[in-house]
Amino acid sequence: MNDRAQQLLADLPQWPRYGDEERAGLVRALEQGQWWRMGGSEVDSFEREFGERHGSPYTLAVTNGTHALELALQVLGVGHGTEVIVPAFTFISSSQAAQRLGAVAVPVDVDPDTYCLDPEAAARAVTERTAAIMPVHMAGHFADMDALGKLSADTGVPLIQDAAHAHGAEWDGRKVGELGSVAAFSFQNGKLMTAGEGGAVTFPDEATYQEAFLRHSCGRSRTDKKYFHETSGSNFRLNEFSAAVLRAQLGRLDEQIALREQRAPLLAGLLAEIPGVVPQGRDERVTANPHYMQMFRLPGYSEERRNALVEALVARGVPAFVAFRAIYRSDGFWENAAPDETVDEVAARCPTTEAINADCVWLHHRTLLGTEEQMHVVAEVVADVVART
């Protein structure tokens, strides 16, 4: 790799992105003199702005994305004696949010092209105890919401969208909040919008939102002065400083999505030309993909060989990561409310996840904020490392 290529990789945009907008927001939150949501205005303003951007009539900001999932599941009636269908390939918060409520998390396989929940596999997993189906919009790509919406209507089992990667995404021209189901977002440090931590839940109806508000604030209403805790709950309230940062981050989102939508097809096309590299596909019904990570697979690779490739990419200056481990291959999955199966039994009905567990790589989404020339350099380095590994 020549000096110019090395410099181009070193000059890839860093993450998080921030500037005077975030600074001004923090000062604004500081000087209002009220630093929690019940006295300040930043959280309320962020909820309104985020809801408007995502087509949601009701939005609740919370402490983090895992809490967003847990709260959303709770208001849908998930608890002891119930089951929640989750993708076997996802970050483990998707399953642990259900397991923390005492519900059994049931992993099902994913689509080999999009890496999102396979609707047919989900349909086979529905039982009389199924309380929710949780599609994860992997790397910003929507799960098949047409098929899953039909499954939900046919079975009466509600959907909860894990939209941790899907800020600004659209399915057939509709935003996350316009699809008629509860959705949970994350603002953790690596996400497409971030305040270091944080989360949000969007709701299609007021009653569910009002229950969630109570439960995210220890069961207390906004106006309670006498400690009437109307429900059980916890403290999932977001603070004013995080909300101020997130308001600025939201203002950057559309421009960043537009740039990633330009760069992602270019980089994916270049990667697809490398023998043995298969980029994540795209369903034509996805009308906006914010591209949380550029994902690709190396079919036939072992986990060890994939890991060595990622280490080599990082050593060359490419911000690469191994993809999520199959949730059933983590000890934490089996600690509480696990299905009555063995690892091998779950693996046998999740062949795509088994393969992805070993052969999938992703490149940080900051890569897609680079120039066209940088996309070519990244692909050249991937090609060279693949040839050597």
Side-chain angles (χ1 to χ4, degrees), residues 47 50-62 65-79 82-87 90-91 93-95 97-98 101 103 105-106 108 110-111 114 116-123 125-126 130-138 140-186 199-213 215-216 283 285-290:
E47 289 171 339
F50 189 82
E52 289 174 353
R53 174 62 183 82
H54 290 84
S56 173
Y58 303 99
T59 300
L60 183 65
V62 296
T66 304
H67 286 164
L69 287 169
E70 187 173 328
L71 183 64
L73 288 166
Q74 187 176 29
V75 298
L76 290 177
V78 170
T82 67
E83 297 174 350
V84 176
I85 294 171
V86 297
T90 183
F91 186 64
S93 284
S94 302
S95 60
L101 295 170
V106 181
V108 303
V110 296
D111 180 87
T114 67
C116 296
L117 184 68
D118 180 347
E120 293 183 2
V126 173
T130 306
I133 300 169
M134 185 190 294
V136 176
H137 302 321
M138 181 55 62
H141 187 290
F142 261 102
D144 186 341
M145 293 302 289
D146 291 349
L148 290 166
K150 183 178 186 304
L151 176 61
S152 176
D154 290 347
T155 61
V157 177
L159 300 179
I160 168 177
Q161 302 176 65
D162 183 337
H165 300 173
H167 313 76
E170 293 184 9
W171 174 260
D172 199 17
R174 292 175 293 167
K175 302 170 184 176
V176 171
E178 295 174 331
L179 293 168
S181 56
V182 174
F185 293 83
S186 171
V201 189
T202 60
F203 303 90
D205 64 279
E206 183 178 7
T208 309
Y209 162 78
Q210 292 293 353
E211 180 183 350
F213 188 96
R215 294 190 183 280
H216 106 295
D283 190 305
R285 293 168 291 180
V286 173
T287 45
N289 185 341

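Since we're looking at a predicted model, the values are computed, not measured.
Inter-residue side-chain proximity for Trp171 and Asp283 is flagged as met; some heavy-atom pair is nearer than 4.5 Å. For the pair Leu117/Thr90, no side-chain contact is recorded, criterion being any heavy-atom separation below 4.5 Å from C-beta on. Counting only heavy atoms from C-beta outward, the side chains of Pro290 and His167 never approach each other to under 4.5 Å. Within the 4.5 Å cutoff, the side chain of Thr59 has no heavy atoms near those of the Glu52 side chain. Under the 4.5 Å side-chain criterion, counting only non-hydrogen atoms from C-beta, Arg174 is not in contact with Met145. For the pair Val182/Val201, a side-chain contact is recorded, criterion being any heavy-atom separation below 4.5 Å from C-beta on. No side-chain heavy atom of His165 sits less than 4.5 Å from a side-chain heavy atom of His141.
The minimum heavy-atom distance linking Glu70 with Ala97 is given by the pair N-CB, 3.7 Å. Listed here is the closest heavy atom pair of Ala72 and Val75: O-CG2, 3.2 Å. For the pair Met138 and Cys116, the tightest heavy-atom approach, listed with the atom from each and the gap, is N-SG, 3.6 Å. The shortest heavy-atom contact between His216 and Val62 is CD2-CG1, 4.2 Å. Heavy atoms only, all atoms of each residue included: Ser94 and Val86 are closest at O-CG1, 3.8 Å. When all heavy atoms are compared, the tightest approach of Leu159 to Leu76 is O-CD1, 4.2 Å.
Put simply, CZ on Phe185 and NE2 on His137 are 7.5 Å apart, with the number rounded to the nearest 0.5 Å. Here NZ of Lys150 is found 10.0 Å from OG1 of Thr155. Values are rounded to the nearest 0.5 Å. Residue Glu47 holds its CD atom at 10.0 Å from OG of Ser56, rounded to the nearest 0.5 Å. A distance of 10.0 Å separates CD of Gln210 from CG of Asp205, quoted to the nearest 0.5 Å. Note that CG of Asp118 and CG of Leu148 are 9.0 Å apart. Values are rounded to the nearest 0.5 Å. Distance check: Asp162 CG to Leu69 CG gives 4.5 Å after rounding to the nearest 0.5 Å.
Although no hydrogens or angles enter the test, the distance criterion places a donor-acceptor pair under 3.5 Å between the side chain of His54 and the main chain of Gly168. Distance alone, capped at 3.5 Å, places no donor-acceptor pair between the Thr82 side chain and the Thr130 backbone.
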Can you list the steps and then say if Gln161 with Thr202 is a side chain to side chain contact (heavy atoms under 4.5 Å, CB included)? CA-CA 10 Å; Gln161 302 176 65; Thr202 60; over 6 Å; no
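Taking the six-membered ring where the residue is Trp, Tyr209 and Phe203 present perpendicular rings, their angle passing 60° and hence far from 30°.
When each of Thr287, Asp172, Val176 is tested with Phe142 by the rule side chain to side chain contact (heavy atoms under 4.5 Å, CB included), just one qualifies, namely Val176.
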